[in-house]
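Single-structure report; data block below.
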Amino acid sequence: MDYKSVIAENIAKVTELDVEQVYKLIEIPPQKDLGDFAFPCFILAKSLHKAPAMISADLAGDASLTYGGMFNVKNAGPYLNFYVDRSRYAADTVSRINEAGDKFGASKEGEGQNIIIEFSSPNIAKPFHVGHAFTTILGNSLSRIYDRLGYNVIRMNHLGDYGTQFGKLITAYRLWGDEKALDEDPITELLRIYVKFHEEAKKDPSLDDKARENFKKLEDGCPEEVALWQKFRDMSLVVFNKLYDRMGVSFDNYNGESFYSDRIPAVVDMLKQKGLLEESEGAQVVKLDEYNLPPCIILKSDGTTIYASRDIAAVLYRKETYNFNKNIYVVGTPQALHFRQVFSVLKKAGYDFADDCVHVGFGLVKFKDMAFSTREGNIVLLEDLLDAAVDKTREVIVENAKLRGQDMSEEEINEIAEKVGLGAVIYTYVKSGREKDIIFSWEEMLNFNGNSAPYLMYTYARIRSILRKADAAGIKASREADVIGTLTGDDAYEVISELSGFEGEVKKAAAINEPFVISRKLFETASAFNSFYNNCRILGEDVDVKDSEARLALCEAVGNVLKSGLNLLGIETVERM
RNA sequence: GAUUGUGUAGCUCAGCUGGAUAGAGCGUCCGCCUCCUAAGCGGAAGGCCAGCGGUUCGAAUCCGCUCACGAUCACCA
């Protein structure tokens, strides 16, 4: 168990506070002489009718808090400060991590719980641009985090595979479609005819009627139209899957909007039966005044369905099929109101699992002063961004390899460039709070210094290099508590203190659905390690072997944490770079 | 207009269920490779935490108002 948890449990026992609550209150003091952990006693002032300073003084005298000599406890004003025994702290932390390996941070807290994560959900026949990357990367990371915590994760790709645009596509394909072009590059060809349709429809409005007609045929299951739709869908999926494979993203399920559409009548019946459906301005709606929300439209005035009804049908299906404990939607922040409405309708209909549905929103990806817009042509395809990042990385590697006299095969360089380049892109999406907009800038995306994936991967690669050198010299990372316990210097202590907090941050990331909690922790850990690395030689003739063994153990622990954490973000590591 | 979000260093962001001297990265400036990968390390400069008021022993954090910017608000998803 990590030290913070031990402290929290002991304080909770003594004060009768809730362990979770205490855990959150524990902080790291701003100055070293104030200890390694601190508990502010203000919260107890009211219930105990005593001044915080008195309380901390009383608590400091409670021997049970030292946990058998694990801590030295002192009161300083209203704070209760915990001083760890650095030697024991180092041995405990480093050993615990190295036993867990690169899965460090795993737990069983989610055992037996099903959690659905809906993410990515691109529209069929539309290009996959850097905006779609947000939900894909976020959702992938959250999936990995919950998975690591023991939850049974069901990854769902709610494809945009339904709607009148398919009537347009079918119409356009019959008029101007080029089968060969479709085979070679489906999305580009589908986009071409889609754009052409809109151009031509301006001149000839009868095309719109034709499109509506074809969509109606599709809905009614006419074989020819269904076959074309199926073809477009399959071909688009092939393209998307190539991108997903490249990014290490996978799904359990590709049920899109079309899948749920024939379940909507049952939803309408159910709402009618419960007397929730009302007519308003020709449409069928559920009023949500008591939730202080605008009405939710279930059926349009022409009697056709709308996305809200599809989403409700989807939740019911998911509950039935997966009996989820949590149902997460990784969808942009602009749809916040829509999800509140959907969840409220469910709640109003008496489905308490509405409370287990969560909308995890995220910001926009935009250029300096304009939003992305397919119509204006100012989009950046994710694939182009990935390629640019990989190219830039390759240049850096080639240059460095020359400088360092490393011999790398072309194949190895390409492999490393791919991983580092992708890592750099992925990281920019998970380095800040998810609700922040990302201002897209090539300069920032391709800056590999500071708080970036290449920085973390570089730190990892350097550690691996040292471990290889040590191995060649026959020196092994220590497993002995008394050897590791010699890591008591300030630089090593800073590293150990960062390492020790990793598990807690993984849990926190899941609790608030924020992968950036992990990326921030990794950066701080790597930063502390790089200082240590700079100030303290690990291998060498003038280094005592025992010291080398202890420091190697620390290196190994940092490597494990970096690999574990990067993996949770969806980023791979490389052995050299 | 209603709902809702944001405003912290030149730029991008942490910190926000009130607590010890407000922190990073980028950029700028100055240092560090005869030594484990310089995609690194160290240092400097840079802040009325949008403004005003309130609650409190204590406010970047909570409350109210003002200003600025954004999102959403019925038949697209």
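Reckoned from all heavy atoms, side chains included, excluding hydrogens, waters and symmetry mates. Naming: A, B, ... by sequence-line order, numbering from 1 per chain.
Note on A:Ala336: nothing from the nucleic acid sits closer than 4.0 angstrom, heavy atoms only. Within the nucleic acid shown, A:Gly433 comes within 4.0 Å of sugar-phosphate atoms alone, with no base atom in reach, counting heavy atoms only. A:Cys536 comes within 4.0 angstrom of a nucleotide base, judged by non-hydrogen atoms across all strands. As judged by a 4.0 angstrom heavy-atom cut-off over every strand, A:Ile397 is placed among the base-contacting residues. Within 4.0 Å of A:Ile297, counting heavy atoms only, lies at least one base atom of the nucleic acid. A:Pro334 comes within 4.0 angstrom of the backbone, heavy atoms only, and of no base. Residue A:Arg520 is in sugar-phosphate contact alone, with no base atom involved, counting any heavy-atom pair closer than 4.0 Å across all strands shown.
Geometrically, A:Lys4 does not engage A:Phe37 in a cation-pi contact defined by less than 6.0 Å to the ring centre and at most 45° from the axis. A:Tyr533 carries A:Arg462 over the face of its six-membered ring, with the cationic atom under 6.0 Å from the centre and within 45° of the normal. Geometrically, A:Lys74 engages A:Tyr83 in a cation-pi contact, judged by NZ or CZ lying under 6.0 Å from the ring centre and within 45° of the ring axis. Taking the centre and axis of the six-membered ring of A:Phe448, the NZ or CZ atom of A:Lys392 falls inside the cone set by 45° and 6.0 Å.
Looking at RNA chain B, the stems built from 3 or more consecutive Watson-Crick or G-U wobble pairs, each pair with its key distances under 3.5 Å, are B:1-7 with B:67-73, B:10-13 with B:23-26, B:28-32 with B:40-44, B:50-54 with B:62-66.
Side-chain N or O atoms of A:Asn530 include one that pairs as donor or acceptor with a backbone N or O of A:Ala526 at under 3.5 Å.
For the pair A:Tyr455 and B:C41, the criterion of a side-chain N or O lying under 4.0 Å from OP1 or OP2 is met. Taking side-chain N and O atoms only, A:Lys436 has a distance below 4.0 Å to OP1 or OP2 of B:A14. Close to B:U37, at under 4.0 Å from its OP1 or OP2, lies a side-chain N or O of A:Ser465. OP1 or OP2 of B:A39 has at least one side-chain nitrogen or oxygen of A:Arg404 nearer than 4.0 Å. Put simply, A:Asn400 has no side-chain N or O that comes within less than 4.0 Å of OP1 or OP2 on B:U37. Phosphate contact (OP1/OP2 of B:G42, side-chain N/O of A:Ser531, threshold under 4.0 Å): present. Residue A:Tyr458 places at least one side-chain N or O under 4.0 Å from the OP1 or OP2 atom of B:A39. Proximity of A:Arg462 to the phosphate of B:A38: a side-chain N or O atom is located under 4.0 Å from OP1 or OP2. Phosphate proximity of B:U37 to A:Arg576: absent, as no side-chain N or O sits under 4.0 Å from OP1 or OP2.
In the set B:A77, B:A74, B:A20, the nucleotide with an atom closest to the side chain of A:Glu281 is B:A74. Distance from the side chain of A:Val396 is smallest to B:A39 among B:U17, B:C36, B:A39. Closest approach to the A:Tyr533 side chain among B:A20, B:G15, B:C36 is made by B:C36 (side chain taken as heavy atoms from C-beta onward). The side chain of A:Gln31 approaches B:A20 more closely than any other nucleotide in the set B:G15, B:C26, B:A20. Nearest to the side-chain atoms of A:Asn530 among the listed nucleotides B:G15, B:C41, B:C36 stands B:C41.
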Run A:Gln284 and A:Val268 through side chain to side chain contact (heavy atoms under 4.5 Å, CB included) and show every step you take. CA-CA 9 Å; A:Gln284 295 292 314; A:Val268 176; over 6 Å; no
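If you check the side chains of A:Tyr329 and A:Asn327, you find a donor sitting under 3.5 Å from an acceptor. Of the N and O atoms on the side chains of A:Asp18 and A:Tyr23, not one donor lies less than 3.5 Å from an acceptor on the other residue.
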Could you list all N or O pairs between the protein and nucleotides 23-25 of chain B that sit under 3.5 Å apart?
from  : atom 1 : to       : atom 2 : distance (Å)
B:G25 : O2'    : A:Asn451 : N      : 3.3

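Taking atom C1' on both nucleotides, B:U56 is separated from B:C62 by 10 Å, rounded to a whole Å. Rounded to the nearest Å, the gap between the C1' atom of B:A60 and that of B:G23 is 12 Å.
Atom CD of A:Glu399 has 12 or fewer heavy atoms from other residues, nucleotides or ligands within 6.0 Å.
Within residues 158-169 of chain A, no residue has any heavy atom under 4.0 Å from RNA chain B.
Aromatic pair A:Phe240/A:Phe128: centroids less than 6.0 angstrom apart.
Comparing A:Phe532 and A:Arg434 against RNA chain B, the residue whose closest nucleotide sits nearer the 5' end is A:Arg434.
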